[in-house]
2 protein chains.
Amino acid sequence: MNELTINLQQRSGTPLYEQIYSYIKSDIQGGHLKSGEKLPSTRALCKYLEVSRSTVELAYEQLLSEGYVEAVPYRGYFVAEINGLYQLDTQSHECSEKTEQEKKTFRYDFTPNGVDLNSFPYNTWRKLAKECLVDDRAELFRLGNPQGEPGLRDAICSYLHQARGVNCSPEQIIVGAGNDYLLMLLTTVLGTEHRIAFENPTYKREYQLFCNMSYEVCTVDMDSRGMSVSGLEKSGADIAFVMPSHQYPLGIVMPVTRRQEILKWANQAEERYIIEDDYDSEFRYKGKPIPALQGYDRNGKVIYIGTFSKSIAPAIRISYIVLPRPLLDMYREKSSFLNSTVSKVDQMILQRFIKEGYYERHLNKTRALYKNRHDVLLGNLKGLKQMFDISGEHAGVHLLLHCRKEISETELIRRAEEKDVKVYGLSEYYVEPQTETGATILLGYANMNEKKICEALEILRGVWME
Amino acid sequence: MNELTINLQQRSGTPLYEQIYSYIKSDIQGGHLKSGEKLPSTRALCKYLEVSRSTVELAYEQLLSEGYVEAVPYRGYFVAEINGLYQLDTQSHECSEKTEQEKKTFRYDFTPNGVDLNSFPYNTWRKLAKECLVDDRAELFRLGNPQGEPGLRDAICSYLHQARGVNCSPEQIIVGAGNDYLLMLLTTVLGTEHRIAFENPTYKREYQLFCNMSYEVCTVDMDSRGMSVSGLEKSGADIAFVMPSHQYPLGIVMPVTRRQEILKWANQAEERYIIEDDYDSEFRYKGKPIPALQGYDRNGKVIYIGTFSKSIAPAIRISYIVLPRPLLDMYREKSSFLNSTVSKVDQMILQRFIKEGYYERHLNKTRALYKNRHDVLLGNLKGLKQMFDISGEHAGVHLLLHCRKEISETELIRRAEEKDVKVYGLSEYYVEPQTETGATILLGYANMNEKKICEALEILRGVWME
């Protein structure tokens, strides 16, 4: 019989049964204990090692359950044939990938895509996460509802109704891991036989996404009230992709009259739809709140999409789409076999975050924060106003400076960069290069505190107006 | 000046500052405190309520940060204009959706898609989740790497190399929320100008998915070694979707010779690719392990896809795709702007689950569990062998019974259902209805314990062989 001389560490923090288990396992893996060999009986081993019998039994059970040993009735434990067992070593791979082309970082960065993470309620989120993980056990790891858990959709529905005037029931909502995924899902419902019109300039990612999905895409120019409806008519498109609450990047809030015109356009043909991307409607500082375009729709023409990545945190990969009834029926028929892309745990945390009032608090807090930065930025533009017109300042987390002087965007950006201030040019948002209309700079303020905003503006005044 | 008569509950568990905050907030929301009205000074209120001054200050700060009150220097706190503030009530919506058409459940269910959740290591998972949430704070909620966190891809790469013979580096791996999503992502790289051949019978979801994405799809018949290569040749397809490790539903393990033939087919034209779906390769009971088809590929022809939904738990929505170099370049150019669909927290938990050896343990444990059920099932088929041939029993979590008698699948299923046993017919996996080849029944055993398997087989013998 084998005697296993295991050097047990009483105070190592690793339970004794685990030490015995590890020792025998590595002996089997290393070939010191060979297939078919008999292990000492639990009684013999516990005496030999001077531990309790249950400790040895626990170790043997673990080995048994993982297939390292076999139990033969009336005879004892034997080393199993371990050829097929998984023995993964955990050595680290040489990763040849260049890690994120070391993007130059700037002391002051007016990125229009910022989200302030300091205001994220970590402790609340962590508390909810812990409670969710304790609560449900098995249920949490079973496959969930393809559209998202009913409780979460319920919470989103209430929020959309109260805060955005969206008219829907929870069954029309599909929860998914980000807008990109939900738009892909939408394409499986719509089919690719459509021509999609984007605003010009626009959020280029979504434009690119639809290109990649083999759609015909086109752009329609904007006027001061949003996408030109006569342009849309002329484009031959049957789907319009718009951002009425706060157009990105122009910051235009589409007035009610234009909303009615676009809806009228959609109502003129059966296959026409409007995709309303309500990406940052949470932040609005001035003027009466205008309900979402979807709220005016009486004919099932608007596909509404929104996200928690902007209003909570970028790594919260949870978005939602609201399908009008006719498309909901098509979704059920064609694509409802696709499983949800958001884990149940995350859905449950978010559901409680909304239902228990944390989301409301968080929204009000971030809005107050952004409003303050917005006010400081606006208040400190004085000097620059001699050279720039301002627009897009009523909502969102960025505004635009339109230069009245003969100077190029590139030059404005270059001068700022030289002094460690990063600003963004409007032209990169145009799908087709624009005929020269003057330089326009985007200033985002979500990620800059008031002090930094003042300092950076001081620098910009210096380099731009010299 | 306003006196706020707040009935503070010392022992309610809600902190005092929170009670003051809630009281004032609801007074503002209810219109009892009107915009512009002055609040009592913190000094006055703390005296009046007999609490410490810092308690009142904390309450006021909360109200300030959420925009309910405004601070005017040297004058005090005033009720703000709250028109635009979020005031979400948490009432529950009437959900008109039919909740999951009350699927009939059976006492014995031989579903071929089962996963045993009793063996899921809840405590480990919860422990890792807690530790991940404590560790990183802000970093966890920032946007991550579009392909998935490098550490996780590293861990997956090691696993694939050791356990599956997959030849790749972490930079070729993209992590995503489920196979469906990753295949959608793949279509954005490939474009839709392809004809895709599926095995017949096959896993119909993916077939349906590619149909919905406007691909030309076709099916190629199987022989005993897998997809027929002459059939593939004739189909005119340029992409073959195969499951060489364990074909679903036939359970065929593709021999090395056939693998070479399929690779040869792919090498004959530049645009040809093979999608290898390795959905449950973790479970294999007999014969020498055969590396993944990807491991034989020397020309960048195989797109490999795998998932943790089968090997850990269905609600773990994490899959991975390994792109060959030419497609990796196309992905980087066209689609790398698409953000990851898996939250960083989940990625970090999984990374530690693999790197700290839990995944290895879990795999060995579930495999031992499934092998036992597999052995019990096989061992108890004796009587049924007079009537059925068995196949597909070397891997996976189901096997097939081919009936030699003149009796229809429907009839076999019906008789079983009458006695509360659910079995599955092969015909539902054929895209085009087959010319009559005899009834074939699928028996999955992942979700049934040994006792139930024996009982159910006893019943089947009774109703099928009477």
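Chain letters run A, B, ... following the sequence lines, proteins first and then strands; every chain starts at 1.
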Distance alone, cut at 3.5 Å: any donor-acceptor contact between the side chains of [X] and [Y]?
| X | Y | answer |
| --- | --- | --- |
| B:Y359 | B:S311 | yes |
| B:R153 | B:S169 | no |
| B:Y358 | B:K127 | yes |

Looking at chain A, which one of [options] has the largest number of heavy-atom pairs inside 4.5 Å, strictly under?
| options | value |
| --- | --- |
| B:S214, B:G151, B:A368 | B:S214 |
| B:C211, B:G176, B:A177, B:A80 | B:A177 |
| B:M213, B:K334, B:E193, B:K344 | B:K334 |

Practice problem: For residues B:P146 and B:S340, determine if any side-chain heavy atom of one lies less than 4.5 Å from a side-chain heavy atom of the other. | Solution: no
What part of [X] lies closer than 4.5 angstrom to a heavy atom of chain B: side chain, backbone, both or neither?
| X | result |
| --- | --- |
| A:L117 | side chain |
| A:Q62 | side chain |
| A:V342 | backbone |
| A:N339 | both |
| A:F120 | side chain |
| A:L209 | both |

Quiz item: Is any NZ, NE, NH1 or NH2 atom of the basic residue among B:R352 and B:E131 found under 4.0 Å from an Asp or Glu carboxylate oxygen of the other?
Solution: yes
Quiz item: Can we say A:R361 and B:E18 salt-bridge, meaning some charged N sits less than 4.0 Å from an Asp/Glu carboxylate O?
Solution: yes
Quiz item: Quick check: does any side chain N or O of A:E149 sit under 3.5 Å from a backbone N or O of A:G144, one acting as donor and the other as acceptor?
Solution: no
Exercise. Step through it carefully: locate the ring centre of A:Y68, locate the ring centre of A:Y21, and say whether they are under 6.0 Å apart.
Key: no
Quiz item: Among A:I316, A:D346, A:N372, A:T187, which residue forms the greatest number of heavy-atom pairs with chain B at distances under 4.5 Å?
Solution: A:D346
Exercise. Name the option with the most non-hydrogen atom pairs under 4.5 Å to chain B; the candidates are A:K25, A:M184, A:R205.
Key: A:R205
Quiz item: What part of B:S335 is in contact with chain A, defined as an atom under 4.5 angstrom from a non-hydrogen atom: side chain, backbone, both or neither?
Solution: both
